[in-house]
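See below for the structure under consideration.
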Amino acid sequence: MSHLYEPPRPRSARREWRRKEERRRRYLRRRAFAFLVVAALAVGLGFGIRWLALRLGQTETAGTEVTPGTNRTETPVADLPFTPERTIECPDLDGDGQPELIAVSPLVDGRVHLALLTGTGKEAKQIGQVITVGEGTLTLKDLPRARNLLVWQGQLPREGEPVQVEVGGEKALEARGGEPVFRAWELNADQGLVPADYYAAAAPLDPPEPTVILVDKGLNVLWYYREGELVQTARVATGRHIEGPAPTAENWEENLSTPTGRFSVTLMVPGMPYLREGIPALDPANPLGTRWIGFSVFPGDGGSLWAIHGTNAPQNLGRWSSEGSILMSNGEVERLYDAVEVGTPIVIQNSLAGP
């Protein structure tokens, strides 16, 4: 027998089983090692992404520092029902040394949403309810009777541009809508944006006389002062002619301007008939309303041509829509009628130069 010849070893089932089991264990060890490597890489990648996000967040927060009262282009992260387009910085309301913010949404379908926020970045939280306003301007204002009001200014709908008309041979301008309208809110650390009466807050602290009816036909508002104290604020409607000559004995029939200057109450009637259409006094269809507080504009008119009176169309309040008189709601004019008397001064001014 040659030394190169080795007879085959007899096969053993036990040895075959051991070989297969060894191969299976090596395969399982390799799979476990590969899984651990992949898991370690995933954990490391997650920590890296989190670190990068934190660094970016810190950079963004640092970039939002602005001087008080200005608008921020960067927006805070907060759980809001809208995505802010910008913010308005407010005074510190809660005493933590950080200014509060008003978040302002983009204009969508003619509407803007507002919310008062406290805190910055991811810590910012909404205070109170979301407010919705129309298209207009937003500013923080100090008014004579209130500080740090958020004021919205818009315009009533236009029917067209103002048109030039003739009044006694002189040019006048007749309104076609577009009157300014204001809304205001106080900033409250607990309740958020709290509605405030803009027109009452805008009332002068020092009236022209201690007891006086003061009318601003630019803002379409009436204030009544008694002995220097503001007693009543009411929205009014004034004359359709917003520029032009003053009413006179010669042009009064075609002049639809509310006169400016100082007058006094000369005629008080609890209901004036509307003679043009034969409507009796106090009739619900009477456009002169339920009270007439007449004032004399030129000698001889007797307080029967111009007046502070009621209206059966309160939807027109706030507009330049009357024939020259000052229109109030029936409830407000009845209240004023009970408070004043013949001889009470009336001062009419115009804080706006036209529409």
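- With contacts defined as side-chain heavy-atom distances shorter than 4.5 Å, the pair R262/P345 qualifies.
- No more than 12 heavy atoms of other residues, nucleotides or ligands lie within 6.0 Å of CD in E341, so this atom counts as exposed by the packing criterion.
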Under the side chain to side chain donor-acceptor pair (under 3.5 Å) criterion, do S296 and D301 qualify, and how do the steps go? CA-CA 6 Å; S296 181; D301 66 22; 2.8 Å; yes

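- Cluster membership check: M268 shares its hydrophobic cluster with F263, using side-chain heavy-atom separations under 4.5 Å among Ile, Leu, Val, Met, Phe, Trp and Tyr.
- Tracing side-chain contacts under 4.5 Å through hydrophobic residues (I, L, V, M, F, W, Y), one reaches L93 starting from I131; they form part of the same cluster.
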Which is it for S257 and K217 under the side-chain contact (heavy atoms from CB on, under 4.5 Å) test, yes or no, and what are the steps along the way? CA-CA 10 Å; S257 175; K217 72 174 191 175; 3.6 Å; yes

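- With values rounded to the nearest 0.5 angstrom, R111 atom CZ is found 10.0 Å from E135 atom CD.
- By the rule that hydrophobic residues join a cluster once side-chain heavy atoms approach within less than 4.5 Å of another member, I348 and I242 end up as members of separate clusters.
- Checking each of E174, E159, E254 against R240 for a salt bridge (charged side-chain N to carboxylate O under 4.0 Å, His left out) leaves exactly one that passes, namely E174.
- Proximity of a side-chain donor or acceptor of D338 to a complementary backbone N or O of R335 within less than 3.5 Å is not detected.
- Side-chain contact between I127 and L117: absent, with no pair of heavy atoms (C-beta onward) separated by less than 4.5 Å.
- For the residue pair T233 and V221, the shortest heavy atom distance occurs at CG2-CG2, 4.0 Å.
- P162 and R158 make their closest contact through CD-NH1, 3.8 Å (heavy atoms, listed as atom of the first residue, atom of the second, distance).
- Neither side chain, E227 nor T211, offers a donor N or O lying under 3.5 Å from an acceptor on the other.
- At least one donor-acceptor pair under 3.5 Å links the side chain of D142 to the backbone N or O of N148.
- Note that CH2 of W152 and CZ of F182 are 9.5 Å apart. Values are rounded to the nearest 0.5 Å.
- Between the side chain of T311 and the backbone N or O of A313 there is at least one donor-acceptor pair closer than 3.5 Å.
- Judged purely by atom type and a 3.5 angstrom limit, N251 has no side-chain atom pairing as donor or acceptor with the backbone of G169.
- Under a cut-off of 6.0 angstrom, the local environment of CD in Q129 is sparse, with at most 12 non-hydrogen atoms contributed by other residues, nucleotides or ligands.
- Using a 4.5 Å cut-off on side-chain heavy atoms (C-beta onward), L101 and L116 make no contact.
- Within the 4.5 Å cutoff, side-chain heavy atoms of I88 are placed close to those of L140.
- Between the side chains of Y198 and R183, not a single donor N or O lies within less than 3.5 Å of an accepting N or O.
- N312 places a side-chain N or O within 3.5 Å of a backbone atom of A285 that can act as its donor or acceptor partner.
- Side chain of D92 to backbone of P99: no donor-acceptor contact under 3.5 angstrom is found.
- Taking the side chain as every heavy atom from C-beta outward, L222 and L214 never approach each other to under 4.5 Å.
- What you find for M272 and L267 is that their closest heavy atoms are CE-CD2, 4.2 Å.
- For the atom pair OH (Y224) and CD (E332), the distance works out to 13.5 Å, reported to the nearest 0.5 Å.
- Between the side chains of T118 and D94, at least one donor N or O lies within less than 3.5 Å of an accepting N or O.
- Taking all atoms of both residues into account, the shortest heavy-atom contact from P208 to V347 is CG-CG2, 4.1 Å.
- Residues V212 and P210 have side chains not in contact (no heavy-atom distance under 4.5 Å, counting atoms from C-beta outward).
- Checked by atom type and distance alone, the side chain of S105 pairs as donor or acceptor with a backbone atom of H113 at under 3.5 Å.
- Atom-to-atom distance recorded for N330:CG and R291:CZ is 8.5 Å, nearest 0.5 angstrom.
- Rounding to the nearest 0.5 angstrom, the gap separating the CH2 atom in W185 from the CD1 atom in I102 is 9.5 Å.
- Note: W306 and F298 have perpendicular aromatic rings, judged against thresholds of 30 and 60 degrees for the angle between ring planes.
- Linking ILVMFWY residues whenever their side-chain heavy atoms come closer than 4.5 Å, directly or via other members, leaves L317 and L336 in distinct clusters.
- Closest non-hydrogen pair, S325 versus L327, comes out as O-CD1, 3.8 Å.
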If you apply the rule side-chain contact (heavy atoms from CB on, under 4.5 Å), what do you find for V104 with E85, and how did you get there? CA-CA 6 Å; V104 183; E85 180 183 60; 5.7 Å; no

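- With values rounded to the nearest 0.5 angstrom, I213 atom CD1 is found 12.5 Å from Y225 atom OH.
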After noting the C-alpha distance and the side-chain angles of E323 and R276, does the key distance pass the side-chain contact (heavy atoms from CB on, under 4.5 Å) rule? CA-CA 13 Å; E323 295 181 358; R276 182 180 300 175; 2.9 Å; yes

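- W292 and L282 fall into different hydrophobic clusters, where Ile, Leu, Val, Met, Phe, Trp and Tyr residues are linked whenever their side-chain heavy atoms come under 4.5 Å apart, directly or through other members.
- Although no hydrogens or angles enter the test, the distance criterion places no donor-acceptor pair under 3.5 Å between the side chain of T238 and the main chain of N220.
- Across every non-hydrogen atom of R176 and V163, the tightest pair is NH2-CG2, 3.3 Å.
- Defined by atom type and a distance below 3.5 Å, a donor-acceptor pair is missing between the side-chain atoms of N316 and S321.
- The shortest distance between side-chain heavy atoms of Q349 and T260 does not fall below 4.5 Å.
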Report the C-alpha distance between W223 and Q232 in whole Å, list the side-chain angles of each, state the deciding distance to 0.1 Å, and finish with yes or no for side-chain contact (heavy atoms from CB on, under 4.5 Å). CA-CA 6 Å; W223 298 295; Q232 185 176 359; over 6 Å; no

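- Looking only at side-chain heavy atoms (C-beta outward), L193 and L187 come within less than 4.5 Å of each other.
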